[in-house]
Structures are given as structure tokens and as C-alpha cells.
Enquirer: 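The structure that follows is given in the form of C-alpha cells.
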Amino acid sequence: MSKKTSYLLGILLTIIIGTLLYCYLCDDCHCFPNGEEVVTEDTNNVAEPEVVPATRNALSISDANGNFNIKINENFNFKTSNFSILKPISENITSEVVKLKDYLLENPLKDIDITGYYRSDETNNSAYPNLGLARANTVKNYLVSQGVPARQIDTHGALNDTINPDDANTLFGPLKFGIVTLEEDAVDEALEATCDSIRKNPIVLYFKTGAAQINLTAEQRQKIADISRCIDKLGVKVQVVGHTDNTGNADQNMTLGQGRADFAKNYLIRNGILDSNIEASSKGQTDPIADNKTEEGRTKNRRTVITIN
């Protein structure tokens, strides 16, 4: 092969290789006779799913007007749509609660504020107006069990969609704590008026014995929250009384009324009102509020009344 032929073949090979590289590297070029394009994947613009880290709130309680301050990287945790504290509770939390108890006992004009948080996508399966308040009351009961006076605890609930659960649907410390100072001999007239209102207009439940659940209205949920506060601040007791119509035997109806009262009592206990603060009794058919001669009247007489003394 002559030098001229080799030279021409080299030029041709260079043109072919250059053309192929141009077609493969050019995104907007149409180089193939069948109209197909070479599509290259842009790995720099691939959208990755957003990973939202779980919120982990430390247990922090301080008194801006005193010398009390605790902060540990542990807290009370809950499952989403649930108000029961996940067990076990850390020994570090227990030891800090002892310090809180001693501080409050030494300072009877100071209260601890507990605000429980809840998300808008959670289901409220409690008897309280919202799941945050239910969580705050659960923590309150734990503090009371450790010796913290109930009258020195205030509970609240607040919506907070910035708290994020982990992959196992656990919320880590969806709570906020603070210590407030009260005025000496302060009387909560609004609370006393609320408690009097409950006595005059108690919760009345109508349900069949053996029912799986009690469905409360928004007004009744608020009354449950108010009852809990009346217990804590004024030391009252909850009175749960079961009633029946006059169908059947009077002794059996007394038993039936007690069963209804016990059912409601257990419901309150599951929702954080302590057993020792609830008295359940029956009046059977002895205290009708409507005419037992009509079905409508008998329905009204089959009731359970929840009030305070």
C-alpha cells in the first residue's frame, strides 16, 4: 500500500470516528436514518426523595424567676395518634423528676406548665379536645405518681406540625415545659365558675351496656378537660351514676345501672383520670327524668351522668 493510500485511509477513519463521537455526545443531533435519537441520562438532575429527620426534643425545664434548671437528651415519647407514654421511662428522667418534685414542694406558689403537641394528621382517640392535651395529662399523671402535687401542674395542648416522627411512627418529646410563679392567695375565679357549671350541666351519656366505645361531642370533650382541671386544682371527685328505665326487675336494673357507671368510669381511667378520683354508683330505675310509658322517655332514662361533687 502506497503512502498516499495510507494517508487517505487515515483521513477517512478520522472522519468516521469523529462523526460517531459527535452523534453520541450531541444531545440535539439527529444522526440516525431511522429518526432515533441518542438519549443520554442527566445524572446531575435526578430528583432524590426528601428525607425529613425525626424531631428529637430534649427534656428541658427551667424557672426564669428562680434557680431551677434541668436539661437532658431524653424525654417522654409517644406513638403517633396515641397518648400513652412509651415504656420504659428513662431512669435519668425519673431522677430529674425527683428534683422537680422537691423544687415545687419547696415553692408552693410555683406551677409547672406542660404543653403537649399534636400533628394535624394524627387521629384523636382520646376523651380530650385534642391529642396534645391528652399527652400533657398523661405526663401530669406520671409526675403525680412520683410525688409532684397535682395542684401545681397545668396542662395545655397545641397544634405543631413541625414535630416529625421517625420511620417507626414515634414522636420524641412532643412537649414543652415551663415553670410559672403565681401570686400569693390567688383565686382562680374562672376555674371555680367552670366547676360550678359542670355541676349544673353534667355530662350525660346514652349508650348500650357492652358498647365498644363512647363517642363524645366537642362540648363533652371540653368538659372532660375541665373536670380533670377541677380535680387537680380544687381536689374534687368525679361522680359517675348509672340509670335505667323501669323495664324489668328493680334489683336487676340496679345492677345494670352499676355496669353502665363502671363502663364510663373505666373509660375515664383509660383517659388519664385516676381511679382514686372517681366514684361510680347506680340509681337503677329510681331517678327517671322522663316518662317510662313511652319509648322516647325510656331512652332518656337509660343514661349515665358524669359530674363532680
Enquirer: List the steps and the verdict of side chain to side chain contact (heavy atoms under 4.5 Å, CB included) for Leu100 and Phe68.
Expert: CA-CA 8 Å; Leu100 174 65; Phe68 183 81; 4.0 Å; yes
Enquirer: Check for me whether Arg56 meets the cation-pi criterion with Phe172, that is, NZ or CZ under 6.0 Å from the six-membered ring centre and within 45 degrees of the ring axis.
Expert: yes
Enquirer: Lys87: what forms a side-chain contact (heavy atoms from CB on, under 4.5 Å) with it, not counting sequence neighbours?
Expert: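 Expected list: Ile89.
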Enquirer: Just checking, is any N or O donor in the side chain of Asn92 or Glu96 under 3.5 Å from an acceptor N or O on the other one?
Expert: no
Enquirer: Between Arg229 and Asp226, is the salt bridge (charged side-chain N to carboxylate O under 4.0 Å, His left out) condition met? List the steps.
Expert: CA-CA 5 Å; Arg229 185 168 170 80; Asp226 292 338; over 6 Å; no
Enquirer: Quick one: do the Glu74 and Ser90 side chains pair a donor with an acceptor below 3.5 Å?
Expert: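 Yes.
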Enquirer: Answer yes or no: is there an ion pair linking Asp291 with Lys293, defined by an N-O contact shorter than 4.0 Å?
Expert: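 Lys293 and Asp291: not salt-bridged.
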Enquirer: For residues Gln220 and Asn215, report the shortest heavy-atom separation together with the two atoms involved.
Expert: OE1-O, 4.2 Å
Enquirer: What I want to check is whether the side chains of Gln285 and Asn253 have a donor and an acceptor closer together than 3.5 Å.
Expert: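 Per modelled atom types, Gln285 and Asn253 side chains form a pair under 3.5 Å.
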Enquirer: Do we see a donor-acceptor contact under 3.5 Å between the side chains of Ser62 and Lys71?
Expert: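 No, no side-chain donor-acceptor pair sits under 3.5 Å.
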Enquirer: Can a donor-acceptor pair be found between the side chains of Asn301 and Thr244 at a distance below 3.5 Å?
Expert: no
Enquirer: Evaluate the side chain to side chain contact (heavy atoms under 4.5 Å, CB included) criterion for residues Gln239 and Ile306: first the C-alpha distance (whole Å), next the side-chain angles of each, then the deciding distance (0.1 Å), finally the verdict.
Expert: CA-CA 6 Å; Gln239 307 289 324; Ile306 302 175; over 6 Å; no
Enquirer: Under a 4.0 Å threshold between the charged nitrogen and the carboxylate oxygen, would Asp196 count as salt-bridged to Arg199?
Expert: yes
Enquirer: Between atom CZ of Arg302 and atom OG1 of Thr247, what is the distance when rounded to the nearest 0.5 Å?
Expert: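 Output value for this atom pair is 7.0 Å.
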Enquirer: With a 4.0 Å cut-off on N to O distance, would you call Arg298 and Glu295 a salt bridge?
Expert: yes
Enquirer: State the CG-CG distance between Asn107 and Asn67, to the nearest 0.5 angstrom.
Expert: 8.0 Å
Enquirer: Mind telling me whether Tyr142 and Phe76 have parallel, tilted or perpendicular rings, with 30° and 60° as the class edges?
Expert: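 Ring orientation, 0 to 90° scale: perpendicular.
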Enquirer: Are side-chain N/O atoms of Tyr103 and Asp63 paired as donor and acceptor at under 3.5 Å?
Expert: yes
Enquirer: If you apply the rule side chain to side chain contact (heavy atoms under 4.5 Å, CB included), what do you find for Thr94 with Val97, and how did you get there?
Expert: CA-CA 5 Å; Thr94 302; Val97 168; 5.7 Å; no
Enquirer: Check whether the side chains of Thr181 and Lys110 place a donor and an acceptor atom closer than 3.5 Å, and report yes or no.
Expert: yes
Enquirer: Start with the C-alpha distance between Ile289 and Arg303, add both sets of side-chain angles, then the distance that settles side chain to side chain contact (heavy atoms under 4.5 Å, CB included), and finish with yes or no.
Expert: CA-CA 10 Å; Ile289 57 172; Arg303 69 199 189 279; 3.3 Å; yes
Enquirer: Testing the basics here: between Lys223 and Pro202, what is the closest heavy-atom pair and its distance to 0.1 Å?
Expert: NZ-O, 3.8 Å
Enquirer: Contact between Ile227 and Val238 at the side-chain level, heavy atoms closer than 4.5 Å - yes or no?
Expert: yes
Enquirer: Hydrogens and angles aside, do Asn125 and Thr123 bring a side-chain donor and acceptor to less than 3.5 Å of each other?
Expert: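 Absent: no donor and acceptor within the cut-off.
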Enquirer: Output the distance between atom OG1 (Thr55) and atom CZ (Arg119), rounded to the nearest 0.5 Å.
Expert: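 Taking OG1 in Thr55 and CZ in Arg119, the distance rounds to 8.0 Å.
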Enquirer: Tell me the closest heavy-atom pair linking Thr80 and Glu122, and the distance in Å.
Expert: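 Smallest interatomic distance, heavy atoms only, reads CA-OE1, 3.3 Å.
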Enquirer: Calculate, to the nearest 0.5 Å, the distance between atoms CG and SG belonging to Leu234 and Cys195 respectively.
Expert: 4.5 Å
Enquirer: Does this structure show an ion pair linking Asp154 with Lys140, if we count only N-O contacts that are shorter than 4.0 Å?
Expert: no
Enquirer: Find the distance between NE2 (His156) and CG (Asn130) and round it off to the nearest 0.5 Å.
Expert: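 If we round to the nearest 0.5 Å, His156:NE2 and Asn130:CG are 12.0 Å apart.
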Enquirer: Hey, are the side chains of Ile278 and Ile273 touching, using non-hydrogen atoms and a 4.5 Å cut-off?
Expert: yes
Enquirer: Heavy-atom count check: over 12 atoms from other residues, nucleotides or ligands less than 6.0 Å from Asn309 CG?
Expert: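 It does: Asn309 CG has more than 12 such atoms within range.
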Enquirer: Check whether the side chains of Asp161 and Ser120 place a donor and an acceptor atom closer than 3.5 Å, and report yes or no.
Expert: yes
Enquirer: Find out whether Thr115 and Leu175 are in side-chain contact, i.e. whether some heavy atom of one side chain is under 4.5 Å from a heavy atom of the other.
Expert: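 Side chain of Thr115 against side chain of Leu175, heavy atoms only: no contact under 4.5 Å found.
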Enquirer: Could you tell me whether Asp245 and Lys300 have a side-chain N and a carboxylate O separated by less than 4.0 Å?
Expert: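 No.
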Enquirer: Report yes if the side chains of Ile231 and Lys237 come closer than 4.5 Å at any heavy-atom pair, otherwise no.
Expert: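 They are not in side-chain contact.
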Enquirer: Taking the ring of Phe83 and the ring of Phe78, is the distance between their centroids below 6.0 Å?
Expert: no
Enquirer: Once you round to the nearest 0.5 Å, how far does OG1 of Thr304 lie from NZ of Lys283?
Expert: 13.0 Å
Enquirer: Which pair of heavy atoms, one from Gly173 and one from Asn57, lies closest together, and at what distance?
Expert: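 Gly173 and Asn57 have their closest heavy atoms at O-ND2, 2.9 Å.
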Enquirer: Just so I know, are the side chains of Ser228 and Asn137 near enough to count as touching, which here means a heavy-atom distance under 4.5 Å?
Expert: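 Sidechains of Asn137 and Ser228: in contact.
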Enquirer: Can you see which heavy atom on Ser81 is nearest to which on Leu131, and at what distance?
Expert: CA-CD2, 3.5 Å
Enquirer: Can you tell if the side chain of Leu216 reaches within under 4.5 Å of the side chain of Leu205, non-hydrogen atoms only?
Expert: yes
Enquirer: Any heavy-atom pair between the side chains of Pro108 and Arg151 that's under 4.5 Å?
Expert: no
Enquirer: If you take all heavy atoms of Ile153 and Pro149, which pair is closest and at what distance?
Expert: CG1-O, 3.5 Å
